[in-house]
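Below: one structure, written as structure tokens.
Sequence positions, counted from 1, serve as the residue numbers for this chain.
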Amino acid sequence: MKQVKILAQFYVDLLVKLGIFRFSLLLAAALVALALVVQFSVTLLLQGTMREVEIIRSVTFGLFITPWAVYFLSVVVDQLEDSRQRLSQLVTKLEQMRARDMELNQQLQANISQLNSEIEEREKAEEAREEAMQDLENEVYQRENAQLAVAEKSALLKSFLDASPDLIYYRNEQNQFSGCNRAMAELVGKSEKELVGLTPWDVYPAEVAKRILKTDQELFDDNTAMTDEQWLDYPNGRKALFELRKVPLYDRNGKRLGLMGFGRDITERKKYENAQEKASSDKTAFISTISHELRTPLNGIVGLSRMLLETKLTDEQRGYLRTVHVSAITLGNIFNDIIDLDKSDRRRLELLPQPLDFYEFIDEIGNISQLMAEQKGLRFDLECLTQLPKNIKVDSTRLRQVLWNLIGNATKFTKQGGVVLSVSSEIHEHDANIIFEVEDSGIGIPKAEIDNIFAMYYQVQQGDDNLHAVGTGIGLAVSRQLIQLMGGDIYVDSELGAGSTFTVKIKVPLIETVVEEHVVNEVRPEMTGLSIFMVEDIELNIVVAKSLLERLGHEVTVAMRGDQALAMFKPEDYDLVLLDIQLPDMTGFDIAQKLRQQYQYLPALVALTANVVNDKTEYLAKGMDEVLNKPLSVKAITHVIENLVLSCSHEIEENDDSLDSSNSAQTNMIDTLLDLEMLTSYVEIVGTEPVYTSIAMFEKMMPDYLAILDSNMIAKDQDGIKFEAHKIKGAAGSIGLKHIQQVAQMAQSPELPAWWENINDWVDEIKYSYQDDINVLKTWLKQQ
């Protein structure tokens, strides 16, 4: 096919080159020649010889077909030329297309290269993405694990915080709560979710919130931790004392976020401190009891010896008796030191200045000191170096105690020679400076020890005699405190082996006159012949008191126990009742309370005590009309009879007929405990069943009331005590417990005199009496 194509192309190129005429001639000649050759070849092959005719025929045939062949070839050539031209154009177009195709192919190749590059980049990016996804998955996994660990730790920490009994909370710098533990939520009565966003103003009472915010601001200002104590209330009203520790709270960059607070309930510690105070009070009571038990026989000795000294005695007997009398007084001074030591420990040493005839006071000190010196064969001198004031105002008991202590020490540590008491004064218009000097010729005090002798319990021991220059170490310490309370001081000058001089300086006000003490012969006739009921358990005290009262012309009936006194006593038979405070079975206060509950009208009830009485408030609050010290003195008992017996005896006589029988007394007792008028009218309307229901409700509520009241007592919260006592008063009144209602009324009234001193007793009376009163109420209801 390729050769034909080449041949055809040759003929076409020849025709174009020779032109149609010359080509026709050339073609005719070629055809003739071809015909001759064919004819010649065939004839020779067939006949073996060539004839002319055959040659002519061959030439003629060649000439004949030549125009047709030329025409045919011309047409073919034209068509071929057209085809060629079209083909050429097509080729041109194809070349153009090929060029464009090549161009597109190049562009495609470039695009393919770029695409391949992009694919590679995408593959790399995909690989990177796969790696990043893998890393991200790992990071997510790690974060999830970390978050789970954090969540577990957070839950564990939250569990720890919630398990803590201490308060834990967070507040931002806008004073808003950011979180808390369960203890804090229970305190404020809100969940953590409810508490978040609130401020202390929204959670606490105004006064508490004000203090809390004040301490918050101090923390923010100083940027340091701080500790405070604060009473806080639970939703049920129970108070608790918390030790609040607040610290600044920072983020990891050091920026302050607010504060973190911790609160520890120290109510029990406070209760323990109060218990310690009570223990101190119990110690005081114990010391008072011991003092009472020791003073009781001692007062008998002092009283009887004083009475015997007024009778006829031989000189020898009088000397012995004066020794007994002085020894008893000296022992009494030791008891005073013991009591004052306890008061000194509690910082409760007190003075009770009273008008005093100073001349008589000095004479008394001199007489007693003379007796003390004579017992040891020493000389005693009293020297008044200057003019002395006649009447002053001073606590004579305390001053006497100090001087006897100094003179007693001087006498004790002096073997030979004597003791000198010098008194001098500087008198001004309204006051006087008084100086006492007690000089002895005893063992003296080393210079190195002088500064220490006024220390509590300090003792100085000298030589082989084993003498202590300051005795028990109590007297001098207490004496200096007492003198310093009087605005003065005690000084000492001593030389070892040559004696000591103690100087006491005080400043006292001057007064005009001192009321003279009554004596037996001055008792008015109308003050004699009284019937006195005395409750006392010590035989010696009975003898002393009864002797004195009978010498004054009175009749005395004695009971030695509380139950015996209650059984024997009839108010119409007596003008005066003397009650010893400490008895074997009960106190004088108990007897007074029972008598006041049992009888509507009573003679004056006077307490007898061996303790030093500076304040009568406690005695009056517990049902006494007056209090007297033992042993009884003529002046004291006369004063009581004048003020309490004669002034109101006509009232007692007028009401004697109103006391009927034991049944009446029982009715009076019930009427004292119960509001019978209210209860009677209530029972008549609704019956007894609703009252029993109310009693059961009251019994159920009282433990909670008392628990909250106790927490307020520990907190010393007067408002809280008042509020709870008010609730108890209302609850008690609703079921007719008049006695409890009245005690609660006093407990809710801080304006009463000595309210704080009595509130413990009132609260105890409510706690320990309400059930007994309920039993009385139930018994009364059964009778309706």
Side-chain angles (χ1 to χ4, degrees), residues 150-251 255-275 704 707-717 719-721 723-724:
V150 169
E152 289 178 359
K153 291 181 180 178
S154 178
L156 184 61
L157 178 60
K158 181 64 175 174
S159 298
F160 285 156
L161 296 180
D162 285 340
S164 171
D166 295 341
L167 307 180
I168 301 175
Y169 57 88
Y170 324 91
R171 282 202 296 271
N172 59 27
E173 296 205 351
Q174 287 72 46
N175 302 117
Q176 296 173 324
F177 284 94
S178 304
C180 70
N181 68 340
R182 182 176 298 154
M184 183 66 182
E186 290 175 354
L187 172 70
V188 299
K190 299 178 184 295
S191 67
E192 182 180 14
K193 184 177 180 181
E194 293 172 333
L195 185 63
V196 171
L198 300 181
T199 68
W201 293 109
D202 304 317
V203 176
Y204 304 114
E207 287 299 321
V208 175
K210 182 178 179 181
R211 177 171 176 176
I212 287 176
L213 290 177
K214 179 177 179 292
T215 56
D216 285 0
Q217 192 58 48
E218 290 175 359
L219 178 141
F220 289 144
D221 291 343
D222 298 337
N223 212 34
T224 56
M226 66 178 305
T227 304
D228 189 25
E229 290 186 4
Q230 180 67 55
W231 284 97
L232 300 174
D233 295 349
Y234 280 89
N236 65 354
R238 181 176 70 87
K239 287 185 177 294
L241 180 61
F242 286 93
E243 183 180 68
L244 299 178
R245 175 72 172 173
K246 301 178 184 179
V247 296
L249 185 63
Y250 302 93
D251 64 10
K255 179 183 177 183
R256 192 175 66 194
L257 302 176
L259 64 85
M260 187 173 187
F262 306 88
R264 172 154 295 179
D265 189 341
I266 58 172
T267 310
E268 286 301 318
R269 187 170 76 189
K270 186 66 175 179
K271 188 176 181 180
Y272 175 73
E273 291 174 357
N274 290 346
D704 291 336
I708 296 174
L709 184 59
D710 279 341
S711 71
N712 283 288
M713 289 291 293
I714 297 173
K716 297 183 179 179
D717 181 356
D719 291 337
I721 295 170
F723 180 71
E724 290 303 318

*Between I212, L249, T199, L257, which is the residue that forms a side chain to side chain contact (heavy atoms under 4.5 Å, CB included) with R171?*
I212
*Charged N to carboxylate O under 4.0 angstrom, K270 versus E229?*
no
*Can any side-chain N or O of D265 pair as donor or acceptor with the backbone N or O of T267 at less than 3.5 Å?*
yes
*Would you check if L259 and Y170 make a side-chain contact, meaning some heavy-atom pair closer than 4.5 Å?*
no
*Counting distance only, does the side-chain N/O of R264 pair as donor-acceptor with the main-chain N or O of R245 below 3.5 Å?*
no
*Answer yes or no: is there a side-chain heavy-atom contact under 4.5 Å between Y204 and L213?*
no
*asked:* Within this structure, what is the CG-CD1 distance for the pair D166 and I266, rounded to the nearest 0.5 Å?
replied: 11.0 Å
*Once you round to the nearest 0.5 Å, how far does CG of D216 lie from CZ of R211?*
12.0 Å
*asked:* Main chain of I168, side chain of N181: is a donor-acceptor contact present, judged purely on distance under 3.5 Å?
replied: yes
*Would you check if L167 and F242 make a side-chain contact, meaning some heavy-atom pair closer than 4.5 Å?*
yes
*For residues Y234 and K239, determine if any side-chain heavy atom of one lies less than 4.5 Å from a side-chain heavy atom of the other.*
no
*Are the charged groups of E218 and K214 less than 4.0 angstrom apart, N to O?*
yes
_Before you tell me yes or no, could you show the steps for V203 and F177 under side chain to side chain contact (heavy atoms under 4.5 Å, CB included), namely the whole-Å CA-CA distance, both residues' side-chain angles and the distance that decides it to 0.1 Å?_
CA-CA 10 Å; V203 176; F177 284 94; 4.0 Å; yes
*Drop me the distance from T215's OG1 to Q230's CD, to the nearest 0.5 angstrom.*
8.0 Å
*Enter the distance from I721:CD1 to L709:CG here, rounded to the nearest 0.5 Å.*
6.5 Å
_Spacing of CE belonging to M184 relative to CG belonging to L195, to within rounding of 0.5 Å_ = 6.0 Å
*Derivation of the side chain to side chain contact (heavy atoms under 4.5 Å, CB included) call for D233 and V208*: CA-CA 10 Å; D233 295 349; V208 175; over 6 Å; no
*What are the two closest non-hydrogen atoms of A225 and P248, and how far apart are they?*
N-CD, 4.0 Å
*Crowded around F262 CZ? As in, over 12 foreign heavy atoms under 6.0 Å?*
yes
*Identify the heavy atoms of K190 and A185 that sit nearest to each other, and give their distance.*
O-CB, 3.0 Å
*Please round to the nearest 0.5 Å and tell me the distance separating atom CG of N712 and atom CZ of F723.*
9.5 Å
_Main-chain N/O of C180 paired with E192 side-chain donor or acceptor, under 3.5 Å_ = yes
*asked:* One pair to check against side chain to side chain contact (heavy atoms under 4.5 Å, CB included): K246 and Y169. What are the steps and the verdict?
replied: CA-CA 10 Å; K246 301 178 184 179; Y169 57 88; 3.7 Å; yes
